[in-house]
Protein chains: 2
Amino acid sequence: MSGTAVSEMKRFRDDTCQVFCFNRETVQAISRQMLEAPVVERLSGTFKVLGDRTRVMVLYALSKHELCVCDLAAILKMSRSAVSHQLRVLRDARLVKYRRDGKMVYYSLDDRHVLSLFEQGLEHVAHEQPDRDRQD
Amino acid sequence: MSGTAVSEMKRFRDDTCQVFCFNRETVQAISRQMLEAPVVERLSGTFKVLGDRTRVMVLYALSKHELCVCDLAAILKMSRSAVSHQLRVLRDARLVKYRRDGKMVYYSLDDRHVLSLFEQGLEHVAHEQPDRDRQD
DNA sequence: TGAACATATGAACAACTGCTCACATGATAA
DNA sequence: TTATCATGTGAGCAGTTGTTCATATGTTCA
């Protein structure tokens, strides 16, 4: 794939767009502005962590009050093990922090942005009801 | 699981927290405030859609300019089929809209909140570098 | 020390996701 | 109509994810 002529392009499989289709300049301009791979990785990674029922509930509960694993499990009606696994994910994503007090471990939110993200998300969700398959 | 005595609880498996562990009142208070299931569902669903490299790049590209599938595929260096599949997910989540013009279909952002979400996400990500395993 | 208990974690498994491939759909133009 | 092209989509698959189970870790208290 170098200086191949357009006529030869037709032989290529469909695995990348074979011609700079219709807006070569736009494509190049946006390609230059595109987010760098590690940024995309971290950004999608953060959203992925938020993209799970259990973790959403954990974060919401923690936004109300610092809680130990056992209380979280009771609130979510889930096993402590499952909650603990998810808390690890949230810790790794730096969305929660913890503090040890004897046998207990108390978790709380560790990010000033999580709540803003939640609110933005809720706003999107609030305007979500209407008709299917909008074309414009 | 009704009025079972605490001493009997020990026989239960670990699948839900067997005692209202340490903060019965907090647990009950937060349980009452908890988000309703459908809200949790839609909220985590929205974040899940944003939690993917390809879709993050698609949305970012569309935030710069309305684009057809072929141009998007060229920008992302991916097959048109893959991009088309992801555009369907984004459409279903009401994050993009489209407009037909002859054979072409042009996509653009369909949500005033997506960009705010992106910015919040980027802010979180920006403060993410430092030391591992913070305990406080 | 050892028992009891809160939490953490590895393995395993079922469910889900994102890609490719092949084909379908829908539009344009001869 | 047919040929061509942009896009859409179903099946299949490899890779990922979230839970359970069993067990490990780490703390308190006798």
Side-chain angles (χ1 to χ4, degrees), chain A residues 6-7 9-10 12-23 41 44-45 47-58 67-74 76-93 96 98-107 133 135, chain B residues 6-7 9-10 12-23 41 44-45 47-58 67-74 76-93 96 98-107 133 135:
Chain A
V6 170
S7 59
M9 289 293 202
K10 290 194 177 175
F12 284 140
R13 295 204 350 292
D14 192 12
D15 56 355
T16 65
C17 189
Q18 60 263 51
V19 193
F20 284 103
C21 315
F22 309 98
N23 245 313
E41 193 62 33
S44 62
F47 286 127
K48 186 173 293 181
V49 171
L50 295 170
D52 174 80
R53 271 167 286 221
T54 301
R55 292 192 291 265
V56 160
M57 290 192 289
V58 167
L67 291 167
C68 67
V69 177
C70 191
D71 285 349
L72 272 170
L76 306 197
K77 298 182 180 54
M78 293 181 60
S79 76
R80 305 196 210 108
S81 179
V83 171
S84 192
H85 275 295
Q86 298 299 4
L87 284 168
R88 169 166 252 313
V89 175
L90 291 167
R91 262 193 290 143
D92 288 349
V96 304
Y98 64 99
R99 133 183 113 74
R100 186 143 213 150
D101 182 12
K103 284 187 274 199
M104 319 287 295
V105 176
Y106 290 97
Y107 282 86
D133 227 6
Q135 191 160 155
Chain B
V6 171
S7 60
M9 288 293 201
K10 291 194 176 176
F12 285 140
R13 295 209 342 296
D14 192 14
D15 56 355
T16 66
C17 189
Q18 60 261 52
V19 193
F20 283 103
C21 315
F22 308 101
N23 246 312
E41 193 62 33
S44 62
F47 286 127
K48 187 173 293 182
V49 170
L50 295 171
D52 174 80
R53 272 167 286 219
T54 301
R55 292 191 291 265
V56 160
M57 290 193 290
V58 167
L67 292 165
C68 67
V69 177
C70 191
D71 284 349
L72 272 170
L76 306 197
K77 298 182 178 54
M78 293 179 60
S79 76
R80 305 196 210 107
S81 178
V83 171
S84 192
H85 274 295
Q86 298 299 2
L87 285 168
R88 170 167 251 313
V89 175
L90 291 167
R91 263 192 290 143
D92 288 349
V96 304
Y98 65 97
R99 140 182 107 73
R100 188 146 211 146
D101 182 12
K103 285 188 273 198
M104 318 289 293
V105 176
Y106 290 96
Y107 282 86
D133 228 6
Q135 193 161 153

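The chains referred to below are lettered A, B, ... by the order of the sequence lines, with proteins before strands, and numbering in each begins at 1. These figures come from a predicted structure and were not determined experimentally.
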Identify the two heavy atoms, one from [X] and one from [Y], that lie closest to each other, and give their separation to 0.1 Å.
X	Y	value
Arg55(B)	Lys48(B)	NH2-O, 3.3 Å
Ser79(B)	Ala82(B)	OG-N, 3.0 Å
Asp71(B)	Asn23(A)	OD2-CB, 3.1 Å
Val83(B)	Met78(B)	CG2-CB, 4.2 Å

Give the rounded distance in Å between these two atoms: [atom1] of [X] and [atom2] of [N].
X	N	atom1	atom2	value
Lys103(B)	dA6(D)	NZ	C1'	7 Å
Asp92(B)	dG8(D)	CG	P	12 Å
Asp101(A)	dT28(D)	CG	P	9 Å
Arg100(A)	dT28(D)	CZ	C1'	11 Å
Tyr98(B)	dT25(C)	OH	C1'	13 Å
Lys77(A)	dT20(D)	NZ	C1'	20 Å
Met78(B)	dC21(C)	CE	P	13 Å
Leu67(B)	dT7(D)	CG	P	11 Å

- Task: For DNA chain D, find the residues of residues 50-58 of chain A with a heavy-atom distance under 4.0 Å and give them by number; none if there aren't any.
- Result: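 Close to the strand are Asp52(A), Thr54(A), Arg55(A).
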Closest to the [X] side chain, choosing from [options]:
X	options	result
Gln86(B)	dT7(C), dC19(C), dT7(D)	dC19(C)
Val69(B)	dT4(D), dG8(D), dT27(D)	dG8(D)
Met104(A)	dT7(C), dT20(C), dT20(D)	dT7(C)

- Just jot down the ring pair (Phe, Tyr, Trp, His ring centres under 6.0 Å) partners of Tyr107(A), sequence neighbours excluded, or say none. Tyr98(A)
- Sequence-distant partners of Ser84(B), side-chain contact (heavy atoms from CB on, under 4.5 Å), two or more places apart: none
- Under the side-chain contact (heavy atoms from CB on, under 4.5 Å) test, which residues partner Arg53(A), sequence neighbours left out? Val40(B), Glu41(B), Ser44(B)
Between the protein and nucleotides 9-16 of chain D, which nitrogen or oxygen pairs are less than 3.5 angstrom apart?
| residue | atom | partner | partner atom | Å |
| --- | --- | --- | --- | --- |
| dT9(D) | OP1 | Arg88(B) | NH2 | 3.4 |
| dT9(D) | OP2 | Arg88(B) | NE | 2.9 |
| dT9(D) | O4 | Ser81(B) | OG | 2.7 |
| dG10(D) | O6 | His85(B) | NE2 | 2.8 |

- For the residue pair Leu72(B) and Leu87(B), establish whether any side-chain heavy-atom pair is separated by less than 4.5 Å. yes
- Query: For the side chain to side chain contact (heavy atoms under 4.5 Å, CB included) test, which of Val89(A), Asp52(A), Leu76(A), Leu67(A) pairs with Val58(A)?
  - Reply: Leu76(A)
- Please work out if Tyr107(A) contacts a base, only the sugar-phosphate, or nothing of the nucleic acid, heavy-atom cut-off 4.0 Å.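 Touches sugar-phosphate only.
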